[in-house]
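Worksheet for the structure shown next.
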Amino acid sequence: AVSTKQNIENFRRQLDKIGFSFDWDREVKTSDPKYYKWTQWIFLQLFKSFYNRNTNKAEYIDVLINAFEKEGNKNHPFPVSGYRLPVTGNRQQATGNSFTADEWRSFDEFTRQSILMEYRLAYCGYGEVNWCEALGTVLANDEVVNGVSERGGYPVVKKKLRQWYLRITEYADRLLEGLKHVDFSESMKEMQSNWIGKSYGAEIDFGILDHEEKLKVYTTRPDTIFGVDFMVLAPEHELVEKITTQKHRKEVEEYLDHVKSRNERERMAEKNISGVFTGAYAINPLNFREIPIYISEYVLAGYGTGAIMAVPCGDERDFKFAKYFNIPITNIIGDKFNGEEANPTWEAELHESDFLTGMLMLDAAEVVITDLEGWGKGKRKVNYKMHDAAFSRQRYWGEPIPIKWENGIAYPLNETELPLELPHVESYKPGPEGEGPLANIEEWKYKKVTLDLSETSKVSPPAGGGDIEGALETNTMPGYAGSSWYFLRYMDPHNDKEFCSRKASDYWGQVDLYIGGTEHAVGHLLYSRMWTKALYDLGYISHDEPYKKLVNQGMIQGSSRYIFLFRLEPLNISTTSLSPIFISYTLYDKWKRGEMTNYQILDKLNEQIPNYYTPENAHKAQMLVSQTQMETEDIIQLHVDVNIVNGVELNIEAFKKWRPEYKNAIFITDDNGKYICGVETEKMSKSKFNTVSPDDLVEKYGADTFRMYEMFLGPVEQSKPWDTKGIEGVYRFLRKLWRLFFDEQKGMVWNEEKATDGELKVLHKAIKKIEEDTERFSFNTSVSAFMVCVNELTDLKCNKKEILEPLVIMLAPYAPHICEELWHELGNTKSVLDAAYPAYEQRYTVESVKEYPVSINGKLRTTIIIDLNASQDEVEQIVLKNDVVKKWVDDKPLKKFIFVKGKMVNVVV
RNA sequence: GCCCGGAUGGCGGAAUAGGUAGACGCGUCAGACUCAAAAUCUGGUAUCAGCAAUGAUGUGCAGGUUCGAUUCCUGUUCCGGGCACCA
């Protein structure tokens with residue numbers, strides 16, 4: 001403890017020297033209003049910033065209109081999508097694609113704000129959430145299992161809610177470009193650029209038979225347009241309702257119900273082909289062919305235009321779809337298509353493609369786009385997979401969003417109102433419409449706040465002046481809000497005038513080395529890059545990438561336990577008298593492998609609980625049986641707290657106490673009466689109930705041992721399950737190190753004698769190895785080198801200060817406490833952190849001979865000690881004279897003699 | 001399903017530019033010290049055959065390139081991370 005305090009003191013002194021203070025005792029926490037004030041402040045800057053899509057500069061719409069008019073133009077240069085209405089209510093002229101400057105001035109405030117929302121970096125819109133009616137709450141994706149809530153098993157559907165978003169898509173190109181200038185691993189860069197998902201292609205307008213509307217599709221393969229055999233719309237596509245014919249309506253509606261209960265991931269992972277025909281036909285703009293329009297869940301509404309042109313000979317999913325629905329396939333690539341599977345080649349020569357026939361696909365793509373643009377039937381389009389980041393949460397623990405609403409208009413709070421503090425709540429229950437718990441606090445919602453009505457906020461004062469009746473936003477910010485910029489706050493934690501002074505951020509610059517896991521690849525690490533770019537654009541910092549170098553540490557994983565809920569109906573435990581049924585892993589395993597049917601599981605239940613079917617629930621039991629015959633995949637895996645599982649056996653009583661909603665649950669056990677849990681190694685997480693605390697180990701072995709053991713476990717970048725088996729080894733190492741200085745009987749044993757060459761060789765070998773290993777983040781081999789060094793010094797009975805002192809300096813970053821202590825025991829008064837790092841001197845470690853491994857035909861047969869300076873001829877002579885070599889060569893003619901100096905010898909015969 | 005990783009003794013892992021596979025640690029076996037235990041120390045420990053010398057096999061699996069492959073290439077299986085509200 002003494003040493004740590006000195007370390008901190010020393011660190012403080014260094015900071016004082018350069019003019020910054022740092023309060024080590026107080027963390028920068030997102031839950032601290034002194035910090036989240038500035039998160040709210042940055043949010044306001046993002047809200048007030050407008051993005052000019054053409055010039056990549058944040059400016060105001062009026063400024064742009066004025067500049068535009070100066071050039072004699074009438075129409076406003078920015079399109080209005082009307083696709084995602086940011087606020088409720090009727091918007092004037094909102095459906096048009098553009099508006100004139102005069103029109104802009106004639107719009108009412110609601111319409112203006114609604115349009116401005118489309119340009120704000122932080123904007124409000126409507127987005128889908130997982131809505132659980134029974135719980136009256138919004139659920140996170142990981143709280144939903146197989147379409148029902150993990151807790152209780154209630155049905156979950158999608159619901160549109162008002163949501164805040166960050167316009168990260170405007171930074172897509174710069175986020176890609178920035179990857180070239182940062183030191184991240186290639187796989188990390190790959191993940192980020194795949195997530196951004198930039199693709200080049202075309203938007204093509206297909207006509208629809210008997211309809212005015214155009215069907216817009218996005219494709220990266222305009223060259224295959226003559227191979228389009230059908231169209232597929234996402235089930236949520238806005239045209240589905242309009243174009244479905246009377247004859248197909250019922251089928252389509254049934255399909256939509258099916259899709260509504262499934263999330264995006266389930267839809268993408270679905271192997272079985274599904275979809276329905278709408279009865280409508282599209283018209284190919286190039287050859288006017290009539291093409292059937294289907295809907296299917298494999299097309300996602302959020303990507304491209306939510307509609308695709310399907311070319312079965314070139315795309316595997318389209319091909320399977322065509323086979324399934326018996327749609328005839330047009331082959332446009334001749335013998336490159338074998339009729340058995342699609343061929344997504346770019347290199348084939350086109351067949352059956354009208355004026356493109358004979359052209360290479362790569363060239364044809366260019367021709368088609370140019371022609372379509374000429375005819376006004378399509379245009380070149382760059383598309384991104386990434387979409388804007390949802391920025392509101394229906395939760396309590398998050399920064400309140402400093403916005404007040406009235407008549408559908410969002411008014412930003414005055415900066416002097418910050419921090420807008422989280423009120424105390426009696427309960428964390430969600431609001432009446434699934435909003436956050438803040439919606440329940442009337443006095444907080446309607447408290448008096450001043451609004452930012454300045455020019456920069458671009459809102460006109462409301463009718464009642466600055467004083468409005470409306471309510472504060474009740475959603476809060478997500479976890480990534482605070483984590484997107486905390487490193488900047490660390491640079492200037494006590495500043496109450498700014499989030500971080502320009503002086504501080506200029507001085508510290510980028511984070512030199514960021515150690516973070518790959519699980520943050522497309523979340524935190526992308527969001528914080530975007531925030532940094534936004535703050536850079538707004539002129540608050542001078543760099544636009546937060547992290548100079550990123551090292552991905554692996555995860556220390558936990559061992560999770562699972563129980564298996566046998567869900568015979570969409571189980572709603574509050575409305576059925578039947579108890580939830582859990583089956584043992586042994587049964588689940590058989591069921592999964594198809595060795596056991598649902599019906600046989602019920603038999604097992606009857607066997608174990610003979611009185612289960614009472615007259616009262618007999619009708620329900622009847623229903624269960626009919627359900628079971630359907631063989632539906634209705635077993636859900638649920639995490640259970642590792643602490644109530646003994647090895648793999650569940651403590652059922654403890655479980656019922658832990659999860660009162662399952663207090664009536666029935667457990668189908670193995671024949672020996674035990675309920676066995678499933679086991680999986682996965683990320684430690686609160687929601688997986690598999691976390692372990694290091695506190696006990698620190699208590700027993702000390703922080704140095706714990707720290708070194710974690711480093712010793714394996715390479716930093718590798719994930720591994722948490723396991724304390726080997727910690728004794730590190731503990732013994734530290735004790736062994738201590739004994740080089742102090743003996744239990746004799747007390748102090750270290751001395752000031754002159755070191756021998758042998759001892760210096762041990763030391764300098766270690767200096768070299770540890771320096772190299774630390775440099776490349778190979779901490780586990782570094783620790784191993786320390787162990788080797790201490791073992792060798794113990795063997796040499798070396799207790800000399802001349803050797804031990806440099807060793808302590810090197811070890812200080814690995815085991816800071818014990819090293820600080822030993823450093824002072826050696827008579828030093830300052831901190832070990834101030835000591836100069838020992839320099840490697842080659843002269844102590846030079847070798848003159850080498851024990852060469854000698855192989856015959858690539859197989860190692862012996863080793864021979866040879867002078868390191870020996871020439872190839874000399875080595876050849878020595879080796880061929882060797883008895884073992886002679887025996888293996890056995891007079892066979894020598895084909896080749898391979899000698900790699902300092903490495904090995906191979907004799908080929 | 002898609003994207004990104006990983007797989008080496010009983011266990012965690014080492015082998016940094018294609019050149020002695022198993023460093024270091026855990027565990028385990030044998031021994032020393034001790035009345036005993038703890039702690040500590042010494043030695044063995046990939047597998048198979050053999051008293052041994054030694055030989056054969058061996059880096060998830062199936063192939064390929066090479067004098068030589070844990071390392072490079074092709075295919076494949078399993079495990080982990082992410083997939084937009086866990087953070």
Side-chain angles (χ1 to χ4, degrees), chain A residues 127-130 138-144 163 168 185-195 197 263-271 298 302 317 385-395 478-480 482-483 517-524 526 552 554-555 557 680-683 685-688 709 712-715 717-721 723-730 732-733 735-736 739 744 769 772-773 775-776 778 780-781 783-788 791 794 851-863 895-898 900 902-909:
Chain A
E128 280 182 342
V129 293
N130 302 313
V138 172
L139 296 177
N141 285 338
D142 72 329
E143 293 170 318
V144 183
Q163 300 267 22
I168 193 171
S185 71
E186 284 310 308
S187 59
M188 172 62 67
K189 290 182 182 180
E190 224 170 313
M191 272 189 264
Q192 292 206 347
S193 52
N194 288 342
W195 177 263
N263 66 34
E264 218 171 84
R265 199 175 318 161
E266 283 170 341
R267 284 171 57 171
M268 285 189 289
E270 182 59 61
K271 268 179 249 169
Y298 83 92
R317 297 198 86 154
K385 228 183 262 167
M386 181 169 71
H387 45 244
D388 285 337
F391 195 67
S392 40
R393 300 288 182 265
Q394 292 68 43
R395 310 231 169 170
Y480 72 78
S483 69
T518 52
E519 77 273 20
H520 295 295
V522 294
H524 165 60
L526 218 43
N552 298 124
M555 264 181 277
Q557 295 160 319
E680 235 155 89
T681 299
E682 47 186 2
K683 184 166 88 164
S685 154
K686 274 172 282 175
S687 65
K688 295 178 170 62
Y709 177 60
F712 187 55
L713 269 177
E717 70 275 10
Q718 204 168 296
S719 292
K720 51 221 143 218
D723 184 356
T724 57
K725 258 196 306 223
I727 198 165
E728 286 283 347
V730 176
R732 274 176 212 153
F733 159 76
R735 291 158 60 108
K736 208 164 173 179
R739 285 200 300 270
E744 273 176 50
K769 172 84 177 143
E772 286 168 0
D773 286 356
E775 198 68 35
R776 63 187 175 99
S778 179
N780 56 328
T781 53
V783 172
S784 151
F786 280 117
M787 287 172 169
V788 171
N791 286 344
T794 306
E851 187 179 8
Y852 278 97
V854 178
S855 305
I856 318 299
N857 289 342
K859 260 198 189 320
L860 180 77
R861 295 301 176 186
T862 187
T863 59
K895 256 200 220 157
K896 214 173 184 180
F897 188 87
I898 294 158
V900 183
K903 293 271 186 195
M904 47 66 70
V905 174
N906 189 13
V907 183
V908 187
V909 293

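Throughout, a chain's letter reflects where its sequence line sits, starting with A, and its residues are numbered from 1. Atom set for the values below is all heavy atoms of this structure, side chains included, hydrogens, waters and symmetry mates excluded.
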What's the closest nucleotide to the [X] side chain, out of [options]?
X        : options             : value
A:Trp195 : B:C86, B:G19, B:A84 : B:A84
A:Glu772 : B:C24, B:U16, B:C86 : B:U16
A:Arg395 : B:A87, B:C67, B:C4  : B:A87
A:Asn906 : B:C24, B:A84, B:G68 : B:G68
A:Asn791 : B:A84, B:C24, B:C67 : B:C24
A:Thr518 : B:G81, B:G25, B:A87 : B:G81
A:Glu519 : B:G13, B:G81, B:C24 : B:G81
A:Phe712 : B:G25, B:C67, B:C85 : B:G25
A:Asn130 : B:C85, B:C67, B:U40 : B:C85

Backbone N/O of [Y] and side chain of [X]: donor-acceptor pair under 3.5 Å:
X        : Y        : result
A:Lys720 : A:Pro715 : yes
A:Tyr852 : A:Gly902 : yes
A:Asn857 : A:Val909 : yes
A:Gln163 : A:Phe391 : no

Give one of base, sugar-phosphate or nothing for [X], where a contact means two heavy atoms less than 4.0 Å apart.
X        : result
A:Glu190 : sugar-phosphate
A:Met386 : base
A:Leu713 : sugar-phosphate
A:Ser187 : sugar-phosphate
A:Val730 : nothing
A:Ser778 : nothing
A:Asn552 : nothing
A:Lys736 : sugar-phosphate
A:Gln557 : sugar-phosphate
A:Thr781 : sugar-phosphate

Please check the phosphate of [N] (OP1 and OP2 only) for any side-chain N or O of [X] closer than 4.0 Å.
X        : N     : result
A:Asn780 : B:G25 : no
A:Arg739 : B:C41 : yes
A:Lys683 : B:G82 : yes
A:Arg861 : B:A56 : yes
A:Arg732 : B:C26 : yes
A:Arg393 : B:C85 : yes
A:Lys725 : B:G13 : no
A:Gln718 : B:G13 : yes

*Would you kindly check whether a donor in the side chain of A:Asn194 faces an acceptor in the base of B:C3, or vice versa, at under 3.5 angstrom?*
no
*Spell out yes or no: do the side chain of A:Glu143 and the base of B:C86 have one donor N/O and one acceptor N/O closer than 3.5 Å?*
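It does not, because no donor-acceptor pair links the side chain of A:Glu143 to the base of B:C86 below 3.5 Å.
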Using purine N1 to pyrimidine N3 plus N6-O4 or O6-N4 for Watson-Crick, or N1-O2 and O6-N3 for G-U wobble, both under 3.5 Å, which nucleotide pairs with [N]?
N     : value
B:C67 : B:G19
B:C2  : B:G82
B:U74 : B:A62
B:U47 : B:A56
B:C33 : none

*Which residue lies toward the 5' end of RNA chain B, A:Leu860 or A:Thr794, if each is placed at its nearest nucleotide?*
A:Leu860
*Closer to the 5' end of RNA chain B via nearest nucleotide, is it A:Glu680 or A:Ala390?*
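It is A:Glu680, whose closest nucleotide lies nearer the 5' terminus.
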*With rounding to whole Å, what would you report as the distance between B:G75 and B:C2 at their P atoms?*
14 Å
*Inter-nucleotide P distance (B:A46, B:U40), Å rounded*: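 Pairwise P distance, B:A46 against B:U40, rounds to 24 Å.
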Do [X] and [Y] have a side chain donor and acceptor closer than 3.5 Å?
X        : Y        : answer
A:Thr863 : A:Glu851 : yes
A:Thr518 : A:Asn552 : no
A:Lys736 : A:Asn791 : yes

*Chi-angle category of B:G9 [syn within 90° of 0, anti beyond]*: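 Syn for B:G9; the angle stays within 90° of 0.
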*Identify whether a stacking contact exists between A:His524 and B:A87, where the ring centres must be under 5.5 Å apart and the planes under 30° apart.*
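Base of B:A87: not stacked against A:His524.
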Separation of [X] atom [atom1] from [N] atom [atom2], in whole Å?
X        : N     : atom1 : atom2 : answer
A:Phe733 : B:U40 : CZ    : C1'   : 17 Å
A:Asn141 : B:A87 : CG    : P     : 11 Å
A:Asp723 : B:C26 : CG    : C1'   : 9 Å

*Go through A:Val730 and A:Met787 one step at a time and tell me if the side chain to side chain contact (heavy atoms under 4.5 Å, CB included) criterion holds.*
CA-CA 9 Å; A:Val730 176; A:Met787 287 172 169; 4.2 Å; yes
_Using the rule given for side chain to side chain contact (heavy atoms under 4.5 Å, CB included), can you reason through A:Val907 versus A:Phe897, listing the C-alpha separation, both sets of side-chain angles and the distance that settles it, and then say yes or no?_
CA-CA 5 Å; A:Val907 183; A:Phe897 188 87; 3.8 Å; yes
